[in-house]
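Quick notes on the structure that follows.
Owing to the predicted nature of the structure, the values given are computational and were not obtained by experimental measurement.
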Number of protein chains: 2
Amino acid sequence: MNDADVGLLADACRNVRDLPAGHHLIMEGDNPDPVFVMLDGWACGYKMLPDGGRQILAFMLPGDFCDIHIAVLRAIDHSFVTITPARVALLPRAQMEALVEIGPTITRAFWWSQLVDQSVLRAWIVSMGRRTARERIAHLMCELYIRMRNIGLANDANCNMPLTQLVIADAVGLTPVHVNRVLKSLRVEKVMELSAGSLTILDPVQLAEIAGFDGNYLHRRLRKAD
Amino acid sequence: MNDADVGLLADACRNVRDLPAGHHLIMEGDNPDPVFVMLDGWACGYKMLPDGGRQILAFMLPGDFCDIHIAVLRAIDHSFVTITPARVALLPRAQMEALVEIGPTITRAFWWSQLVDQSVLRAWIVSMGRRTARERIAHLMCELYIRMRNIGLANDANCNMPLTQLVIADAVGLTPVHVNRVLKSLRVEKVMELSAGSLTILDPVQLAEIAGFDGNYLHRRLRKAD
DNA sequence: CGCACGGTTGAAGCGGCTCAATCTGGGTGG
DNA sequence: CCACCCAGATTGAGCCGCTTCAACCGTGCG
């Protein structure tokens, strides 16, 4: 993208709003209007099940789009909530369409962003299908740490991680109770520590090994940063 | 899309090839060149794990794209194999790029196709994370049956389903042994029957109920058909 | 004929779940 | 400043779904 395109995008993000934690950006079934860009804070997308269970599908960190598809398809199939107090930029649907009309560069950027998201979704499926609780949680922590690092919000072995054990459980498909036990075991084994909304990686090598963290996948995440 | 666009796409699909079952379309780590369109037969995308396990990420039926991103990102993060003998159309990368240059309509069509794929991936995550073996298998069968019906390859209660129990296990994240037991229980309860490469739905209502099959998700799948 | 692959079945073990109680720290009202 | 409350973290005990291991069957095919 050239400067002009960047300028257009930045310009589009001027409609900013501050939201408290636990605020719903979109509910499943809503008529999709605006697109969101996270400027500050955390949010997540999730789906509810008939039995009241919840499955978190993605975490949104500062700089992330709220899945663009929401403005394209007529119906939404999942919801978004803020996890922390957050600042988001709103892009009305019309403006979104206008951006796409301008030229292929921006459209392609959106498209490309989709591909990265898909890659994350695929990794998520692998975690759910083939990894143990321990591996899943380690993998999630790796992913989130790397993403935080890519946007300059992590230092060497530590970063902010405002996730409740219940939220983690909903993300990795486990019980909060069991998440707790796994976190404890990782703590006593001096692999990583998660407390007070902050993640500390004590043994990066071992953590990556437990997680089976894919360098290829990681690479792509890193490229997203530039 | 107008007729001209459709013509361009159809024209792009002239490079056709017949492949045997078990043929790898792409291997993880390959340098991505062509894009594939399934014309006939089944294929699937999957990822291998260090321990030798396999997780299937998507099934490709006639009419499906082989994930477009493969031609966009430089590295591939998963592989594709044919499940049955198959006929595929090859789109060289350059031709793909050319199609995108032509105009926003086709680009947007690709983009939109991505969104549908993402929706399926999300549903898959929900299955893995929050559903029992029985529910997962029922859901997979619902999805595949609907997709077959959308492309005119299913009749009222029956369709082709050339999946081995091992393949199903790799898709839903279970053991082949357990898949077998679940299939048996669904059979004796007269819900559905899967044998000899063919699926028969005996009690559609009960099957959908077990699967927790989402009408919204279904709706979008149906729209893909037009 | 025999081999190989996919389906079928049984027995035993374990990872993660359920239920339930206790603990902790931060916030709130008095 | 204290009593209280509440959400989240922690821990224990028992159970169940799914896995593991292992054997056996059926069938298509070289």
Side-chain angles (χ1 to χ4, degrees), chain A residues 20-22 42 44 49 51-56 81 83-85 127-141 161-189 192-200 210, chain B residues 20-22 42 44 49 51-56 81 83-85 127-141 161-189 192-200 210:
Chain A
W42 289 48
C44 70
L49 283 97
D51 66 5
R54 181 172 79 148
Q55 177 64 49
I56 291 179
V81 232
I83 292 177
T84 67
S127 271
M128 312 259 72
R130 290 291 160 201
R131 288 202 250 258
T132 66
R134 189 182 168 78
E135 293 163 349
R136 271 184 247 180
I137 290 175
H139 194 273
L140 179 63
M141 292 303 132
M161 185 77 57
L163 302 182
T164 243
Q165 292 182 356
L166 201 232
V167 171
I168 297 176
D170 284 344
V172 294
L174 294 168
T175 304
V177 176
H178 200 244
V179 168
N180 180 292
R181 288 194 236 268
V182 170
L183 287 177
K184 179 182 177 183
S185 89
L186 290 171
R187 192 190 319 135
V188 302
E189 293 169 26
M192 49 157 274
E193 221 171 302
L194 182 62
S195 64
S198 165
L199 170 72
T200 307
I210 292 171
Chain B
W42 289 48
C44 70
L49 282 96
D51 67 3
R54 182 172 76 148
Q55 177 64 49
I56 291 179
V81 232
I83 292 176
T84 67
S127 270
M128 312 260 70
R130 291 291 161 200
R131 288 202 250 257
T132 66
R134 189 181 168 78
E135 293 163 349
R136 271 185 246 179
I137 291 176
H139 194 273
L140 178 63
M141 291 303 133
M161 185 77 57
L163 302 180
T164 244
Q165 292 181 356
L166 203 230
V167 171
I168 297 176
D170 284 344
V172 294
L174 294 167
T175 305
V177 177
H178 198 60
V179 168
N180 180 292
R181 289 194 236 269
V182 170
L183 287 178
K184 179 181 177 184
S185 89
L186 290 172
R187 193 190 318 134
V188 302
E189 293 169 27
M192 50 158 273
E193 221 170 300
L194 182 63
S195 65
S198 165
L199 169 71
T200 307
I210 292 171

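- Checking C/dT8, D/dT10, C/dG16 against every side-chain atom of B/Arg187, the shortest atom distance belongs to C/dT8.
- Each of D/dT19, C/dG7, C/dT18 was ranked by its minimum atom distance to the side chain of A/Thr175; first place goes to C/dT18.
- For B/Thr164, whose side chain is taken as the heavy atoms from C-beta onward, the closest listed nucleotide among C/dG16, C/dG6, D/dT11 is C/dG6.
- The nearest whole Å value for the distance from the CG atom in B/Leu183 to the P atom in C/dG6 is 15 Å.
- Judged as a side chain to side chain donor-acceptor pair (under 3.5 Å), and not counting sequence neighbours, B/Glu193 has no contacts.
- Neither OP1 nor OP2 of D/dA9 sits under 4.0 Å from any side-chain N or O of A/Asn180.
- Rounded to whole Å, the distance from CZ on A/Arg134 to P on C/dG15 is 12 Å.
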Subject >> Sugar-phosphate or base contact per nucleotide [nucleotides 21-30 of chain D; S, B, -; heavy atom under 4.0 Å] >> reply: B---------
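- Phosphate proximity of D/dT10 to A/Gln165: present, with a side-chain N or O under 4.0 Å from OP1 or OP2.
- For B/Lys184, whose side chain is taken as the heavy atoms from C-beta onward, the closest listed nucleotide among D/dT10, D/dC18, C/dT9 is C/dT9.
- A salt bridge is defined here as a Lys NZ or Arg NE, NH1 or NH2 lying under 4.0 Å from an Asp or Glu carboxylate O, and B/Arg130 with A/Asp170 meets this definition.
- For B/Arg134 and B/Glu189, the salt-bridge test passes: some basic side-chain N is under 4.0 Å from an acidic carboxylate O.
- Axis angle across the helix from C/dC1-D/dG30 to C/dG30-D/dC1, with five pairs used at each end and values rounded to 10°: 30°.
- Checked by atom type and distance alone, the side chain of A/Glu135 pairs as donor or acceptor with a backbone atom of A/Thr132 at under 3.5 Å.
- B/Glu135 places its CD atom 12 Å from the P atom of D/dG17, with the value rounded to the nearest Å.
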